[in-house]
Amino acid sequence: MNICIIGTGYVGLPSGVGFAELGHNVVCIDKNKAKIDSLNSGKVTLYEDGLEELFLKNLQDGRIKFSTKMEDGVPQADLVILAVGTPSHPVTKEADLSFIYAAASEVAKHLDGFTVIATKSTVPVGTGDMVEAIISQVKPHDTFEVVSLPEFLREGYAVHDFFHPDRIVVGTDSIKAFALIKELYADHKDSPILHTSRRSSELIKYASNAFLAVKIHYINEIANLCEKVGAKVSEVAQGMGMDSRIGPRFLNAGPGYGGSCFPKDTRALVYLANQHNSKLSLVNNAISGNEERKDMMARRIMSAVKHINQPKVAILGLAFKNGTDDCRESPAVDIVKTLIKYNMPITVYDPKAMECAKELLGSKVFYANSMEEAVTDADVIAVLTEWDDFKALDYEKASMLVRSKIIIDLRNILDKEEAEKHGFDYHCIGMM
Ligand code: UDX
């Protein structure tokens, strides 16, 4: 099948590489020339485990191509996938659909022969109708179908999730379009395909992300209670997760959820609900609770060093979670921004997200080249992202490098016993 993907971000690029690996001919289009030049020269533009290898293989085999021009991919395509960003509007917090609508009107000009246009970007209910209306202005209605094909890839695990999705949701009333999408995923034999209306499909994506955000907010509040009553959140989560109605995933207490999806999608869902005079109190509470949590975590780090004159803070982790170089809406970055206001020297380190963090934090912090450099002379080590590298912290060495032996582990990943054995005053989330 000939596929054209519009947008080469965290959804478009792994999907494009995945479809090429499945044997389809893929052309990825992006307006960003520097990105396209880099991809054409064999340099992958974002970090995803296992992506580079597959990307290079399919680029060399000629199954994936990159261009800035719609005419290089759209006319030949059986399927055009819209995978452009839908950021939060800075004022209203609704999903900004300008990139989707601009892409749809550009695509429309170049369509040739019957084409399915599938929206993978997370878009509010009714966006498919608008995309259809935009394309209808240029092309006759019987030459295209607009389908909702939400993407559930997690950053950091995008390659794995592409090949092993829990489900494939296809929102369309068209039998012809549904048949094409079924063919697209013919090799995904273990993943169920759910056929729904376009509007249900659009809402499934928001409702899923918001549900997971609520689940995280819930376990974070339970973690607070654990600290008050002397219970351990890891044990509570384990016990809850063994109930198959609840499930064990997304019950890790931490500094709050972040990333390019949960914060933006929860806000957009609430906006949509408000527009329709429909109440989403749980999601609303998760949004405000998550903001409060980041402040609370910053205060926790501060209070650990309040007795120290001119304390120095070492931050381990800036990405919004492990496995990614992305720190958009990262709780770690927000916590560091709060700490900066206290005018303390802060040294930060992340194995993958330093470039992204530099854009957000500028010259207000020191950037270390290693975990050891970050903790040197520190009065408190704060772990904000759950990287495996941090789990391998050499406590013996660290105890000689630091000035004060205090650890605030906001991801519950370090070894309390080992830390205490080496004289560290160790604090984590949801347990004494
Ligand atoms: C999410 C959805 O999982 C994915 O299906 C969708 O396509 C895009 O949005 P992603 O943003 O990559 O994926 O990250 P995810 O792994 O879901 O984590 C989101 C945030 O929640 C991170 O900040 C993470 O640290 C936090 N989190 C997750 C927790 O704090 N605890 C958990 O138990 C799980």
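This structure is a prediction, so every number in the text was calculated from the model and none was measured. Start at 1 with the first residue, then count along the sequence. Counting convention: from 1, in listed order, for ligands and their atoms alike.
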Residue Tyr257 vicinity, atoms of ligand 1 by number, heavy atom under 4.0 Å: 20 (C), 21 (O), 23 (O)
Geometric class of the His422/Tyr395 ring pair [parallel <30°, tilted 30-60°, perpendicular >60°]: parallel
Gly259, any N or O under 3.5 Å of ligand 1 N or O: no
Lys/Arg-Asp/Glu bridge criterion (N-O < 4.0 Å) met for Lys294, Glu291: yes
Closest protein heavy atom to atom 5 (O) of ligand 1, given as residue, atom name and distance to 0.1 Å: Phe152 O, 2.8 Å
Distance from atom 1 (C) of ligand 1 to nearest protein heavy atom, with residue and atom: Phe262 CE1, 3.5 Å
Closest protein heavy atom to atom 34 (C) of ligand 1, given as residue, atom name and distance to 0.1 Å: Phe250 CD2, 3.3 Å
Arg267 bridged to Glu329 by N-O distance under 4.0 Å: yes
Option with minimal heavy-atom separation from atom 23 (O) of ligand 1, where the choices are Ala237, Gly256, Ala158, Gly258: Gly258
N or O pair under 3.5 Å between Lys321 and ligand 1: yes
Atoms of ligand 1, numbered as shown, that sit under 4.0 Å from any heavy atom of Arg154: 3 (O), 12 (O), 13 (O)
Contacting atoms of ligand 1, where contact means under 4.0 angstrom from a heavy atom of Leu251: 33 (O)
For atom 27 (N) of ligand 1, the protein heavy atom that lies nearest, with its residue and separation: Ile216 CD1, 3.4 Å
Plane angle bin for His188 and Phe163 - parallel if under 30°, tilted between 30 and 60°, otherwise perpendicular: parallel
Heavy atoms from other residues, nucleotides or ligands near CD of Glu53 exceed 12 (cutoff 6.0 Å): no
N or O pair under 3.5 Å between Asn252 and ligand 1: yes
Ion pair Lys416/Asp409, N-O distance below 4.0 Å: no
Worked verdict on His24 versus Leu184 for side chain to side chain contact (heavy atoms under 4.5 Å, CB included): CA-CA 8 Å; His24 301 295; Leu184 175 72; 3.9 Å; yes
Minimum non-hydrogen distance to atom 9 (O) of ligand 1, winning option of Ser260, Pro248, Cys261: Cys261
Shortest protein contact, atom 7 (O) of ligand 1 (heavy atom only): Leu153 O, 2.7 Å
Pro331-ligand 1 polar pair, N/O distance under 3.5 Å: no
Lys215 to Phe250, cation-pi by 6.0 Å centre distance and 45° axis angle: no
Check: Phe366 ring centroid to Tyr349 ring centroid under 6.0 Å: no
Lys264 touching ligand 1 at heavy-atom level, < 4.0 angstrom: no
Over 12 non-hydrogen atoms of neighbours within 6.0 angstrom of NZ in Lys31: no
Contact check, Lys205 vs ligand 1, heavy-atom distance below 4.0 Å: yes
